[in-house]
Amino acid sequence: MSLAKLRTHYTKQINLDTIGEDKVTIAGWVHEVRDLGGICFVVLRDREGRAQVTLVKKKIDRELFNSARKLVRETVVSVTGSVKGSDQAPNGYEIIPDTIDVLNVADSPLPMDTTGKVDAELDTRLDSRFIDLRRPGTQAVFKIRHEVQKAVRDFLTQEGFIESSTPKVVATATEGGTSLFPITYFDREAFLNQSPQLFKQILMSGGLDKVFEIGPIFRAEEHDTRRHLNEATSIDIEASFMDHFDVMEILENMVAFVYSQVKENAGHMLEDLEVELAIPKTPFLRLTYQEAIDIVNADPNSEEELQWGDDLGTTSEHLIGEHVFNETGESHYFIIDWPSEIKPFYAMSYEDRPEFSKSFDMMHRTMELSSGAQRLHEHDALKSRIESKGLDSDGFDFYLRAFRYGMPPHSGWGIGCERLVMTMLGTDNIRDVVLFPRDRKRLSP
RNA sequence: GUUCGGAUAGUGUAGUGGCCUAUCAUGGAGCCCUGUCGAGGCUCCGACUCGGGUUCGAAUCCCGGUCCGAACGCCA
């Protein structure tokens with residue numbers, strides 16, 4: 001055997017029809033050892049699945065047999081042997097080993113169980129993410145997250161969007177509203193960016209026409225919920241010569257496409273997670289802000305009386321989400337025509353009714369997923385809007401300049417990648433869908 | 001940040017003042033076992049978050065710290 005060849009196949013690639021009873025080399029972790037005395041089964045796990053390595057005491061080298069039954073769980077091994085069909089083996093085959101190379105012995109006891117026999121709390125799992133990821137259910141989440149991001153890229157590329165990357169270290173003055181993390185940039189103060197908003201708008205002036213970005217955003221809010229992170233992944237688009245209704249259509253079609261791609265390409269992972277995926281029907285319901293607050297106020301469970309101009313709290317969001325779900329059977333919907341006052345400075349108002357803004361939120365039954373708007377593209381109007389929000393327009397020079405020399409009308413949105421995955425899979429906690437989440441308390445690992 | 005709840009072997013748990021040299025499962029060590037697939041059987045190992053207090057007696061009650069969870073707030 002060539003020592004250089006630690007693996008010839010993933011366990012899933014072993015197929016009796018194509019391989020016959022040839023030799024293979026598989027590599028992975030010792031999932032379990034079942035020693036029955038005269039026969040010993042070693043279950044090897046790799047990314048794609050598991051394979052049973054079978055050792056019959058009387059038929060195999062004594063030393064190999066004894067070392068196999070002493071293998072420590074989660075030890076990394078490479079096994080070379082012949083494939084043998086067997087009705088008694090899982091997947092219909094087993095490996096009769098020639099050699100079992102121990103590549104790295106695992107310590108014992110393990111920080112948590114990997115076999116699904118004993119649960120672990122999220123905090124324990126995050127502390128030992130490297131072990132947690134060895135569990136099929138955890139790994140399935142991140143394989144699905146990959147499918148989600150791939151589907152987003154495929155869809156937006158197909159729609160003519162150009163993938164872009166904008167800086168995460170910024171001088172100052174983003175959108176306001178949320179707090180920023182200050183950092184030291186050589187001898188100057190700088191911040192981690194809260195969103196690519198201002199940069200993707202500058203790209204519209206640059207004529208890239210339609211751009212998207214999938215990247216990290218940072219919020220220094222001291223929130224403490226199951227659906228907030230201080231470092232999140234935002235999927236953002238900006239598109240020229242489109243109004244807010246145009247980009248809403250892109251958004252709902254993208255979400256439906258992502259769901260269908262996950263269903264098509266990650267069926268096994270959905271089964272591992274016991275998720276029955278319902279592809280959202282498009283177009284999504286468009287509820288006006290006024291209709292939304294009417295629903296809350298008419299709801300007997302509502303404890304507050306909302307006035308026009310109030311933002312929607314968590315409880316209201318839930319009431320509206322349940323209402324929509326009961327009426328339509330769908331989890332996704334839009335809330336449109338928000339009061340201009342509670343939307344950011346860059347959102348455009350309707351020309352004929354300035355108190356309403358051309359902005360929207362895209363909601364899931366359980367939480368907000370996305371917000372977007374047609375943007376204000378006239379320099380002077382934008383500048384005075386910044387100032388009327390109490391922000392210092394000098395800090396926005398780098399941004400405002402792009403509006404003076406030919407900025408097309410444009411619209412865009414941002415959707416939280418983690419929330420998209422979380423609502424798709426019905427996970428309880430947003431941290432479940434982030435490899436190494438950053439929240440108010442957690443900075444490591 | 002507010003309110004409420006919690007912390008017991010590596011992991012997940014039972015245990016509301018003495019019956020606790022603390023339950024069960026998983027795990028680890030060892031022995032038996034030739035078809036397991038959450039293997040099975042037997043033996044052993046391993047824990048009360050920290051500091052203070054009440055009490056004859058505290059895992060259990062009280063105070064404080066630390067850490068964790070949930071709802072809300074803030075926010076996306």
Side-chain angles (χ1 to χ4, degrees), chain A residues 31-45 50-60 65 69-70 72-74 84 86-92 94 106-128 131-132 135 175-180 194-197 216-236 303-304 311-318 342-344 359 361-364 367-372 413-420 422-423 428-431 439-442:
Chain A
H31 187 69
E32 275 181 303
V33 179
R34 280 190 278 273
D35 176 14
L36 276 66
I39 189 168
C40 176
F41 303 101
V42 176
V43 179
L44 180 145
R45 187 192 66 246
R50 292 177 204 167
Q52 176 168 287
V53 179
T54 303
L55 301 95
V56 176
K57 192 174 185 176
K58 286 199 285 195
K59 294 187 187 168
I60 209 150
F65 185 85
R69 51 185 289 267
K70 297 282 180 200
V72 177
R73 301 172 65 200
E74 296 303 320
K84 187 179 164 225
S86 165
D87 293 341
Q88 291 161 295
N91 310 322
E94 56 196 6
D107 258 358
S108 179
L110 298 164
M112 55 180 279
D113 171 62
T114 55
T115 63
K117 288 176 199 160
V118 185
D119 278 341
E121 288 187 357
L122 182 58
D123 203 46
T124 306
R125 294 170 46 212
L126 292 176
D127 282 340
S128 300
I131 287 278
D132 183 40
R135 308 196 308 166
E175 307 160 45
T178 195
S179 327
L180 305 182
Q194 70 169 105
S195 113
Q197 180 63 33
I217 57 171
F218 303 90
R219 311 273 164 105
E221 295 293 333
E222 296 194 343
H223 35 49
D224 193 7
T225 78
R226 298 179 300 143
R227 59 185 187 284
H228 289 277
L229 294 162
N230 293 293
E231 179 179 10
T233 308
S234 180
I235 301 165
D236 267 85
E303 287 172 9
E304 51 181 349
D311 210 344
L312 301 176
T314 310
T315 316
S316 301
E317 278 182 7
H318 290 162
I342 56 175
K343 284 294 172 184
S359 59
D361 281 3
M362 199 270 281
M363 312 293 295
H364 180 267
M367 71 189 77
E368 180 184 336
L369 290 184
S370 169
S371 63
W413 43 253
I415 178 169
C417 179
E418 287 82 9
R419 287 189 175 187
L420 180 60
M422 177 188 182
T423 51
D428 290 333
N429 197 309
I430 199 164
R431 295 160 182 83
D439 58 46
R440 192 180 158 203
K441 293 160 181 169
R442 184 172 284 277

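The figures here come from the full heavy-atom set of this structure, side chains too, leaving out hydrogens, waters and symmetry mates. Chain letters run A, B, ... following the sequence lines, proteins first, then strands; residues in each count from 1.
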Side chain of [X] - closest among [options]:
X        : options                : value
A:Ala120 : B:rG12, B:rG10, B:rG38 : B:rG12
A:His223 : B:rG1, B:rC74, B:rG27  : B:rC74
A:Thr225 : B:rC74, B:rA39, B:rC31 : B:rC74
A:Glu221 : B:rC74, B:rG73, B:rU36 : B:rC74
A:Val118 : B:rG30, B:rG12, B:rC75 : B:rG12
A:Thr124 : B:rA70, B:rA39, B:rG12 : B:rG12
A:Glu32  : B:rC75, B:rC31, B:rG38 : B:rG38
A:Arg226 : B:rC75, B:rC72, B:rA71 : B:rA71

Figure out the [atom1]/[atom2] separation between [X] and [N], and round it to whole Å.
X        : N      : atom1 : atom2 : result
A:Arg440 : B:rG73 : CZ    : C1'   : 12 Å
A:Arg135 : B:rG12 : CZ    : C1'   : 11 Å
A:Gln194 : B:rC74 : CD    : C1'   : 14 Å
A:Leu110 : B:rA9  : CG    : P     : 17 Å
A:Lys57  : B:rC33 : NZ    : P     : 7 Å
A:Arg45  : B:rC37 : CZ    : P     : 19 Å
A:Ile60  : B:rU34 : CD1   : P     : 16 Å
A:Glu222 : B:rU2  : CD    : P     : 11 Å

Just wondering, do [Y] and [X] contact through their side chains at under 4.5 Å, heavy atoms?
X        : Y        : value
A:Met422 : A:Leu369 : no
A:His228 : A:Asp439 : no
A:Leu229 : A:Arg219 : no
A:His364 : A:Leu420 : no

| Between the base of B:rC75 and the side chain of A:His228, is there any donor-acceptor pair under 3.5 Å? | yes
For [N] and [M], measure between their [atom1] atoms and round to the nearest Å.
N      : M      : atom1 : answer
B:rA58 : B:rU49 : C1'   : 16 Å
B:rU26 : B:rC19 : P     : 27 Å
B:rG5  : B:rC48 : P     : 26 Å
B:rC62 : B:rC68 : C1'   : 22 Å
B:rG64 : B:rC4  : P     : 13 Å
B:rA22 : B:rG18 : P     : 15 Å
B:rG6  : B:rG15 : C1'   : 16 Å
B:rU43 : B:rU66 : P     : 46 Å

| task | Determine, step by step, whether A:Asp361 and A:Lys343 satisfy the salt bridge (charged side-chain N to carboxylate O under 4.0 Å, His left out) criterion, reporting the C-alpha distance in whole Å, the side-chain angles of both residues, the deciding distance to 0.1 Å, and the verdict. | result | CA-CA 10 Å; A:Asp361 281 3; A:Lys343 284 294 172 184; 2.8 Å; yes
Could I get a table of every N or O pair under 3.5 Å where one atom is in the protein and the other is in nucleotides 42-50 of chain B?
none

Is there any protein nitrogen or oxygen under 3.5 Å from a nitrogen or oxygen in nucleotides 65-68 of chain B, and what are the pairs?
none

| request: Write down the atom of A:Ala120, the atom of A:Arg125, and the distance for their closest heavy-atom approach. | output: O-CD, 3.5 Å
| field | Minimum-distance pair of heavy atoms, taken over all atoms of A:Glu94 and A:Thr54 | value | OE1-OG1, 2.8 Å
| Watson-Crick or G-U stems involving RNA chain B, each at least 3 pairs long, distances under 3.5 Å, ordered by first number | B:1-7 with B:66-72, B:10-12 with B:24-26, B:27-32 with B:40-45, B:49-53 with B:61-65
Counting any heavy atom closer than 4.0 Å, what does [X] reach on the DNA or RNA strands: base, sugar-phosphate only, or nothing?
X        : result
A:Pro90  : base
A:Glu94  : base
A:Asn429 : sugar-phosphate
A:Ser86  : base
A:Gly313 : sugar-phosphate
A:Asp361 : nothing
A:His31  : nothing

Answer yes or no: does a side-chain N or O of [X] lie under 4.0 Å from OP1 or OP2 of [N]?
X        : N      : result
A:Arg50  : B:rC37 : no
A:Asn230 : B:rC75 : no
A:Ser108 : B:rG27 : no
A:Lys117 : B:rA39 : yes

| said: Reading RNA chain B from 5' onward, which residue's closest nucleotide shows up sooner: A:Asp224 or A:Glu418? | reply: A:Asp224
| query | 5'-most contact on RNA chain B: A:Ala232 or A:Asp428, nearest heavy atom basis? | reply | A:Asp428
| note | dist A:Asp132:CG -> A:Leu122:CG (nearest 0.5 Å) comes out at 8.0 Å
| query | Counting N and O atoms only, with roles assigned by atom type, does the side chain of A:Glu32 sit under 3.5 Å from a partner on the main chain of A:Arg73, one being a donor and the other an acceptor? | reply | no
| Do A:Thr114 and A:Glu74 meet the criterion of a side-chain donor-acceptor pair at a distance under 3.5 Å? | yes
| request: Carefully, step by step, assess A:Arg135 and A:Asp113 under the rule salt bridge (charged side-chain N to carboxylate O under 4.0 Å, His left out). | output: CA-CA 9 Å; A:Arg135 308 196 308 166; A:Asp113 171 62; 5.7 Å; no
